[in-house]
Amino acid sequence: MMPGENIEQSGKDSVVSNGALYEEREVDDVLSPEDLSEMLAAGTKESHDKAENAPFVKDFLRGRIRREIFKLGAVALYYTYTAMEEEIERNKDHPQFAPLYFPAELHRHQSLGRDLQYFYGEDWERSISCSPATERYVARIHEVGASEPELLVAHAYTRYMGDLSGGQVLRKVAQRALKLPPTGEGLNFYLFDAIHNAKTFKQLYRSRMNELDLDTATKERVVAEANRAFQFNLEVFAELEEVRKTLPDDSADEAIPAHGDMQGDISKCPYYAAKMAACGGTSYACQMGKALLRHPTGQVMLATWVAVVAGLVAWYFM
């Protein structure tokens, strides 16, 4: 695929890319456990659970994100995506990666550059530096690109598929918590203008992954590398959490309270009610929902957490 070419959904549930027609997988198709997409989903579930429950992520989802930490997170992402996309460009014709080359649709480093310019000003490139945890992540990406290009699949899968799912939830939380402009400044990273239907694109991406000519041993190495990528992300999260602890209380930007005026009672938290419903606690969740909907704060928070749960559940079923 050449830069600038879009992927569109046709009226026949297919995808058109670079002049070729790719039929979408039917909903009732049965995937093989040996398919790479299935191996990755199953093999990284524990790592994904750890990432989802990292303090940094949980605070972010609650709207407890400080502007300085959000900026540092964007810096880490900028270095990570710059490295990954440099290696993707280097290996765009490699037979074990080429089918996943979607620069116009997926590449993020230029979008992150615009976000950093918004936060740091015109001289942003001189104002940022790569943190130790991010340096280790970047070094591994370059190592893989130079010696084992087939493992780039793991890094692309871990980042891009998450960005197209849960990342959209984080965009909404960040925009409200940090009072960012509704026109999208500071949040270009989360906007995929060349993808008109995320679900359709993810189906295409998975099908391309499953068609890669990889033997079982290589697929297992890809899964192991994906878990390694999750670990690098966890280390970046932990680093950001440590920085957050050093900030004085009065440097915090106004953020969405986790429980509003509910005095910390977790049973009154909209997220708890949503989780009870997901686990089968229907009656309790309905009672809590009714009570919350009578309160303005509860109405806003319930809507936010329903979106969060939906986004996280969607990631599992990509």
Side-chain angles (χ1 to χ4, degrees), residues 44 47-48 50-90 106-146 151-152 154-160 162-163 166-167 170-171 173-174 177-178 180 185-190 225-249 251-253 255:
T44 62
S47 292
H48 182 264
K50 288 180 181 178
E52 179 184 319
N53 287 288
F56 171 78
V57 175
K58 292 174 78 172
D59 280 347
F60 196 146
L61 291 173
R62 291 187 176 104
R64 292 174 175 172
I65 181 70
R66 299 186 181 189
R67 193 179 187 89
E68 188 60 31
I69 298 303
F70 185 80
K71 289 164 59 177
L72 291 175
V75 170
L77 290 171
Y78 174 77
Y79 285 110
T80 300
Y81 278 89
T82 297
M84 186 167 71
E85 288 161 9
E86 284 176 356
E87 296 305 331
I88 287 174
E89 287 296 323
R90 188 199 310 272
L106 293 177
H107 285 194
R108 301 284 87 200
H109 78 278
Q110 291 183 345
S111 296
L112 283 159
R114 291 194 295 273
D115 289 339
L116 294 177
Q117 182 177 350
Y118 172 78
F119 286 116
Y120 289 96
E122 292 293 332
D123 201 29
W124 64 271
E125 291 179 283
R126 296 191 179 193
S127 302
I128 66 173
S129 60
C130 192
S131 71
T134 306
E135 282 183 352
R136 293 190 291 273
Y137 195 176
V138 165
R140 177 57 184 171
I141 290 171
H142 284 309
E143 180 183 1
V144 163
L151 298 188
L152 281 175
H155 291 277
Y157 164 83
T158 302
R159 288 295 342 168
Y160 291 131
D163 298 335
L170 297 178
R171 176 178 64 83
V173 174
L178 302 179
L180 296 173
E185 287 90 339
L187 296 168
N188 288 286
F189 168 69
Y190 300 103
E225 188 67 21
N227 280 306
R228 192 168 185 174
F230 268 106
Q231 182 58 39
F232 282 123
N233 279 282
L234 281 167
E235 290 173 8
V236 172
F237 294 159
E239 190 177 61
L240 291 170
E241 178 63 15
E242 289 304 307
V243 173
R244 185 195 64 79
K245 292 176 181 178
T246 69
L247 297 178
D249 290 341
S251 71
D253 292 286

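All heavy atoms count here, side chains included; hydrogens, waters and symmetry mates do not.
Tyr81 and Asp163 form a side-chain donor-acceptor contact under 3.5 Å, judged by distance and modelled atom types alone.
Residues Glu241 and Pro55 come closest through the heavy atom pair CD-CB, 4.2 Å. Scanning all heavy atoms of the two residues, the minimum distance from Ala177 to Gly63 falls at CB-O, 3.5 Å. Smallest separation of non-hydrogen atoms from Leu240 and Ile69: O-CD1, 3.8 Å. Nearest heavy-atom pair across Leu187 and Ala174 is CD2-CB, 4.0 Å. For the residue pair Ala74 and Leu112, the shortest heavy atom distance occurs at O-CD2, 4.0 Å. A pairwise comparison of heavy atoms in Ala76 and Val236 identifies CB-CG1, 3.9 Å as the closest pair.
Screening Glu122, Glu125, Glu185 against Gln117 for a side chain to side chain donor-acceptor pair (under 3.5 Å) leaves a single residue, Glu122.
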Criterion side chain to side chain contact (heavy atoms under 4.5 Å, CB included) on Val75 and Leu116, from CA distance to verdict: CA-CA 7 Å; Val75 170; Leu116 294 177; 3.8 Å; yes
Intermediate values then yes/no, side chain to side chain contact (heavy atoms under 4.5 Å, CB included), Arg67 and Phe119: CA-CA 9 Å; Arg67 193 179 187 89; Phe119 286 116; 3.8 Å; yes
Worked check of side chain to side chain contact (heavy atoms under 4.5 Å, CB included) between Glu242 and Thr246: CA-CA 7 Å; Glu242 289 304 307; Thr246 69; over 6 Å; no
Test log, rule side chain to side chain contact (heavy atoms under 4.5 Å, CB included), inputs Asn188 and Tyr118: CA-CA 10 Å; Asn188 288 286; Tyr118 172 78; over 6 Å; no
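At least one donor-acceptor pair under 3.5 Å links the side chain of Thr82 to the backbone N or O of Tyr78.
The structure places NZ of Lys71 at 11.5 Å from CD1 of Ile128, a figure rounded to the nearest 0.5 Å. Within the model, atoms CD of Glu68 and CG of Leu247 stand 7.0 Å from one another, a figure rounded to the nearest 0.5 Å. Rounding to the nearest 0.5 Å places CD of Glu85 at 14.0 Å from CZ of Arg90. The structure places OG of Ser131 at 8.0 Å from CZ of Arg136, a figure rounded to the nearest 0.5 Å. Atoms CD and OH, from Glu135 and Tyr79 in turn, are 9.0 Å apart once rounded to the nearest 0.5 Å. In this structure, NZ in Lys58 is found 5.0 Å from CG in Asn53, a value given to the nearest 0.5 Å.
Within a 6.0 Å sphere centred on CD of Glu89, other residues, nucleotides and ligands contribute more than 12 heavy atoms.
Thr80 places a side-chain heavy atom less than 4.5 Å from the side chain of Ile141. Contact check for Asp115 versus Phe70: no side-chain heavy atoms found under the 4.5 Å cut-off. Side chains of Arg66 and Asp59 form no contact here, defined as non-hydrogen atoms less than 4.5 Å apart. In this structure, the side chains of His142 and Val138 come closer than 4.5 Å at one or more pairs of heavy atoms.
Between Tyr160 and His107, the ring-plane angle classifies as parallel under the 30° and 60° cut-offs.
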All N/O donor-acceptor pairs, side-chain side in residues 225-235, below 3.5 Å, sequence neighbours left out:
{"residue": "Glu225", "atom": "OE1", "partner": "Arg140", "partner atom": "NH2", "Å": "2.8"}
{"residue": "Glu225", "atom": "OE2", "partner": "Arg140", "partner atom": "NE", "Å": "3.0"}
{"residue": "Glu225", "atom": "OE2", "partner": "His155", "partner atom": "NE2", "Å": "2.7"}
{"residue": "Asn227", "atom": "OD1", "partner": "Ser47", "partner atom": "OG", "Å": "2.5"}
{"residue": "Asn227", "atom": "ND2", "partner": "Gly43", "partner atom": "O", "Å": "3.0"}
{"residue": "Asn227", "atom": "ND2", "partner": "Val223", "partner atom": "O", "Å": "3.3"}
{"residue": "Asn233", "atom": "OD1", "partner": "Arg159", "partner atom": "NH1", "Å": "2.8"}
{"residue": "Asn233", "atom": "ND2", "partner": "Tyr137", "partner atom": "OH", "Å": "3.0"}
{"residue": "Asn233", "atom": "ND2", "partner": "Ala229", "partner atom": "O", "Å": "2.8"}

